[in-house]
Amino acid sequence: MKIIKKSDNEVIKEEAHGGSGSRKLYISDGEFGTVQGMTYGWLPVGNKYAWHNHENVDEIMYVLKGTGTVKDDDGEYSYNVGDVFMYPANEYHEIINNGEVESEYIFLRIHNDNN
């Protein structure tokens, strides 16, 4: 079989960003092409993924549940279900759940060696 399959029950839920949230890491670095990681993330109400960047890695975030705020050096942006954010490699950002329910996201991180 050339196709790679993983079942949800095979992927362990773990702490993320120092315990501010949690995640399931479905694809890890070096496992598939230029993908650095693909995760399903949870962020409880009142918590945040504090200022961070991904060195030479572009990140895409798709919001599945919840509302909150994303920050970068240029400002603040609200997020809602269905929103997509694209964080260029090396750009600092922060994700804050200031909504009323736990937020859920899909994150896809891709190596970008052009930086």
Tell me whether [Y] is reachable from [X] by hopping between hydrophobic residues (I, L, V, M, F, W, Y) whose side-chain heavy atoms are closer than 4.5 Å.
X	Y	result
L64	M61	no
Y62	W42	yes
V84	V63	no
Y26	I12	no
I96	M86	no

[Y] backbone acceptor or donor facing [X] side chain under 3.5 Å:
X	Y	value
D58	A89	yes
N53	E55	no
D72	E76	no
N112	V57	no
N97	L43	yes

Do the rings of [X] and [Y] sit parallel, tilted or perpendicular, given the 30° and 60° boundaries?
X	Y	answer
Y79	Y105	perpendicular
F107	Y49	perpendicular
Y87	F85	parallel

Restricting to non-hydrogen atoms, name the atom on [X] and the atom on [Y] that form the minimum distance, rounded to 0.1 Å.
X	Y	result
P44	S20	CD-O, 3.4 Å
S22	K13	OG-CE, 3.1 Å
T67	N80	CG2-OD1, 3.3 Å
K65	V81	CA-CG2, 3.7 Å

Is there a side chain to side chain donor-acceptor pair (under 3.5 Å) between E59 and H93? Walk through the geometry before answering.
CA-CA 11 Å; E59 181 177 50; H93 55 281; 3.0 Å; yes
Measuring only between side-chain heavy atoms, which start at C-beta, is I106 closer than 4.5 Å to T39?
no
So among Y77, Y92, W51, which one has a side-chain contact (heavy atoms from CB on, under 4.5 Å) with K71?
W51
Counting neighbours of NZ on K48 that are heavy atoms of other residues, nucleotides or ligands and sit closer than 6.0 Å, is the number greater than 12?
no
Is it the case that atom CD in E10 sees more than 12 heavy atoms from other parts of the structure closer than 6.0 Å?
yes
Validation: residues 29-38 side-chain donor-acceptor distances under 3.5 Å, sequence neighbours left out:
unit_1: D29; atom_1: OD1; unit_2: H111; atom_2: NE2; d: 2.7
unit_1: E31; atom_1: OE1; unit_2: K6; atom_2: NZ; d: 3.0
unit_1: E31; atom_1: OE1; unit_2: S28; atom_2: N; d: 2.9
unit_1: E31; atom_1: OE1; unit_2: S28; atom_2: OG; d: 3.2
unit_1: E31; atom_1: OE2; unit_2: K6; atom_2: NZ; d: 2.6
unit_1: Q36; atom_1: OE1; unit_2: R109; atom_2: NE; d: 2.7

Atom pair CD1 (I60) and CD1 (I110), whose distance is rounded to the nearest 0.5 Å:
4.5 Å
To the nearest 0.5 Å, what is the distance between CG (N98) and OG (S103)?
8.5 Å
Pairing of R23 and E14 as salt bridge, 4.0 angstrom limit:
yes
